[in-house]
Engineer: 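Let me begin by handing over the structure; questions about it come next.
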Amino acid sequence: MTAVAIPPTHPTLRPRPVSDVLTMLGRSLLRAVRYPALTVFLVVGPLVMLVLLVYVFGGAFGAGVAPGVTPGADGRAAYLAFIAPTLLVITVVGGATSVATSAAMDAAGGIMARFRTMAISSGSVLSGMVLGFLVQALVAVVLVLGAAFAMGYRPDAGPSDWLALVGLLVLLGLALNWLCVAMGLHARSVESASNLPMVLLLLPFLGSGFVPVDTMPGPVRWFAEHQPFTPVIDTARGLLAGGAGLDGATVVQAVAWCVVIGVAGYVWARSLYRRERRL
Amino acid sequence: MPTIPTEPAIQVAGLRKSYRSRSGDQLVLDDVDLVVPAGTVTALLGANGAGKTTTVGVLSTLLAPDAGTVRVAGHDVVREADAVRASIGVTGQVTAVDELLTGAENLRLMVRLAHLGRAEGRERVAELLERFALTDAADKPVSTYSGGMRRKLDLAMTLVSAPAVVFLDEPTTGLDPRSRRTLWDEVRALVAAGTTILLTTQYLEEADQLADQVAVLHGGRVVAQGTPDELKRVHDAGTLDDVFLALTEPAAATPAETTTTDQEAVR
């Protein structure tokens, strides 16, 4: 028997993208189960905003978003209908900020370096994270929606509207998660990883999220009308209202923004993953 | 089982590597030559900052060489990075485990990424837990592990894919004497099974105990390479400590027997 010093390459060590992504998704979800505080945080943030905005400000604000509504209980109901879609979007944004922290943690510890020395699909490490947090965000969205229902929210959406809404939130989640993975890898430390994504949480306030944009002064209004979250929130709101007041151009803008953000985030994240880190 | 070495497991010639930063490039590896025969242990020695970790980084495909040829397990680290990755296992200085998962879950993650079958994987996990005395802690989260247990789990994870070449970057730093012995025994068992090991270490006793061959890294070059006994003889030194101190002194007044030290003297 002739023994060779170097064994032949194990045939099963060839990259298998689908299997690797599923493995990494499993890891991400297992981490979520082991550290539920993060998922709870994803739900609690939007929930506090929902309760505060509806029960404290809603009575007065309602008349501002739905002309003719009397302040008080009717105002609260009108404001709840106005901001419930916004909070679903904000829940998805919250999920994305957690991705940044998670990516920075992996990069700071040795585990990402370990993955990079293994014969696995190079995209699987980040894809697993992106998909794992998307699942968590969607679970959080369902819980926030449930809370809105409990507060009396009754959307007029039909089955196709709901389906389109899920599609929109998934698309938004994928786009923001890729962007935030890149932001997390770009950060110098785990502590600062969520700084840049926090800006994303501000954008719904500087758009159509909480008040109609036509009540804003010139420059602010211009910004509100031209930033990505306004068409996304308007689309979500329109779908939940059963299509009322929703025009095609808004939907196209919303989808286009998501695609642009997603592709840019993906390209940036992949290049940061391959970047050499000083050892 | 007799092994007939066909090609060295690690071949490095003229390796050059510098880090780019805003304050200018910093040259870490100037001209490194290193040959590690298959099935042997080579210890890479060097002072702090000598470039041991950088060398391991290049060999394990984490860093791209600026110049030179680097072949690991018969494959070029730049052009055939995936083939190299399929043949190596790396345990770095920073413990590479998932803190939120249990020890067994970490190992199962490696099993899935190595694309092992279900039954084979289960067997491998049980065997590695047993070998590293982690069976009792298998279902506890890694965040509750001691430093030594983390190190052991880290190495166990590296071995899941049964790599032909294993890199250990300061594997025993911070370990108590008993854990260190356990790890040494593990290294010996791996080599007995035909694995090639390159380890970096600060402990010269470790190199003396384990290594078939020692390479001393200084000034971005390998300034001496040989068996521990050869080095002691050439440098007329009683211990590897003395060899190390003689070779890595800032203004090295080294004997002129070897060509590498000649180069040092010319500088």
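Chain letters run A, B, ... following the sequence lines, proteins first and then strands; every chain starts at 1. Fair warning: this is a prediction, and the values are worked out from it, not measured in the lab.
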Engineer: Is it the case that over 12 heavy atoms from other parts of the model lie below 6.0 angstrom from the OH atom of B:Y19?
Structural biologist: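 Count over threshold, so yes.
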Engineer: Of the listed residues (B:L62, B:V28, B:T53), which shares the most heavy-atom pairs with chain A below a 4.5 Å separation?
Structural biologist: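 Among the listed options, the one with the most contacts to chain A is B:L62.
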Engineer: Would you mind checking which part of A:T117 comes under 4.5 Å of any heavy atom in chain B, side chain (CB onward), backbone (N, CA, C, O), both or neither?
Structural biologist: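 Contact with chain B: backbone and side chain both.
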Engineer: Quick check for you: among B:M110, B:E99, B:R108, B:Q93, which has the greatest number of heavy-atom pairs under 4.5 Å with chain A?
Structural biologist: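 Among the listed options, the one with the most contacts to chain A is B:M110.
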Engineer: What's the spacing between A:M118 CE and B:T158 OG1 if we round to 0.5 Å?
Structural biologist: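 That separation rounds to 8.5 Å.
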Engineer: Who among B:V90, B:T61, B:T54 has the most heavy-atom pairs with chain A under 4.5 Å?
Structural biologist: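 When all of B:V90, B:T61, B:T54 are compared, B:V90 has the most.
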Engineer: Can you tell which of B:L109, B:L100, B:V94 has the highest number of heavy-atom pairs within less than 4.5 Å of chain A?
Structural biologist: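 The candidate making the most pairs under 4.5 Å is B:L100.
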Engineer: Is A:R34 close to B:T102 at the side-chain level, that is, under 4.5 Å between some pair of heavy atoms?
Structural biologist: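 Yes; the side chains approach each other to less than 4.5 Å.
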Engineer: Who among B:A64, B:G92, B:P141 has the most heavy-atom pairs with chain A under 4.5 Å?
Structural biologist: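 Top option by heavy-atom pairs under 4.5 Å: B:A64.
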Engineer: Given a strict heavy-atom distance threshold of 4.5 Å, which part of B:K17 is in contact with chain A: side chain, backbone, both, or neither?
Structural biologist: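 It is the side chain, since no backbone atom gets that close.
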Engineer: Drop me the distance from A:I120's CD1 to B:H115's NE2, to the nearest 0.5 angstrom.
Structural biologist: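 A:I120 atom CD1 to B:H115 atom NE2 measures 8.0 Å (nearest 0.5 Å).
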Engineer: Answer with yes or no whether the side chains of B:S60 and A:R116 bring together a donor and an acceptor at under 3.5 Å.
Structural biologist: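 No donor-acceptor contact under 3.5 Å links the two side chains.
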Engineer: If I measure from the heavy atoms of chain A, does B:D169 come under 4.5 Å with its side chain, its backbone, both, or neither?
Structural biologist: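 Contact with chain A: none, neither part.
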Engineer: Could you tell me if the side chain of A:R31 sits less than 4.5 Å from the side chain of B:L101, heavy atoms only?
Structural biologist: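 Yes, close enough: below the 4.5 Å cut-off.
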Engineer: Would one find more than 12 heavy atoms of other residues, nucleotides or ligands at under 6.0 Å from atom CZ of A:F41?
Structural biologist: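 Open: at most 12 neighbouring heavy atoms sit under 6.0 Å from CZ of A:F41.
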Engineer: Assess whether atom CD of B:E123 is packed by more than 12 heavy atoms of other residues, nucleotides or ligands within 6.0 Å.
Structural biologist: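 Check fails, neighbour count at 12 or below.
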Engineer: Looking only at atom types and distance, does a side-chain atom of B:R112 sit under 3.5 Å from a main-chain N or O of A:T23, one as donor and one as acceptor?
Structural biologist: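 No, the answer is negative, given that no donor and acceptor are paired below the 3.5 Å cut-off.
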Engineer: Can you say whether A:M112 sits under 4.5 Å from chain B via the side chain, the backbone, both, or neither, judging by heavy atoms?
Structural biologist: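 Nothing of A:M112, per the 4.5 Å heavy-atom cut-off to chain B.
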Engineer: Within the supplied structure, the quantity of interest is the number of heavy atoms (other residues, nucleotides, ligands) at a distance under 6.0 Å from A:R275 CZ; does it exceed 12?
Structural biologist: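 Yes - once you tally the heavy atoms of other residues, nucleotides and ligands closer than 6.0 Å, there are more than 12.
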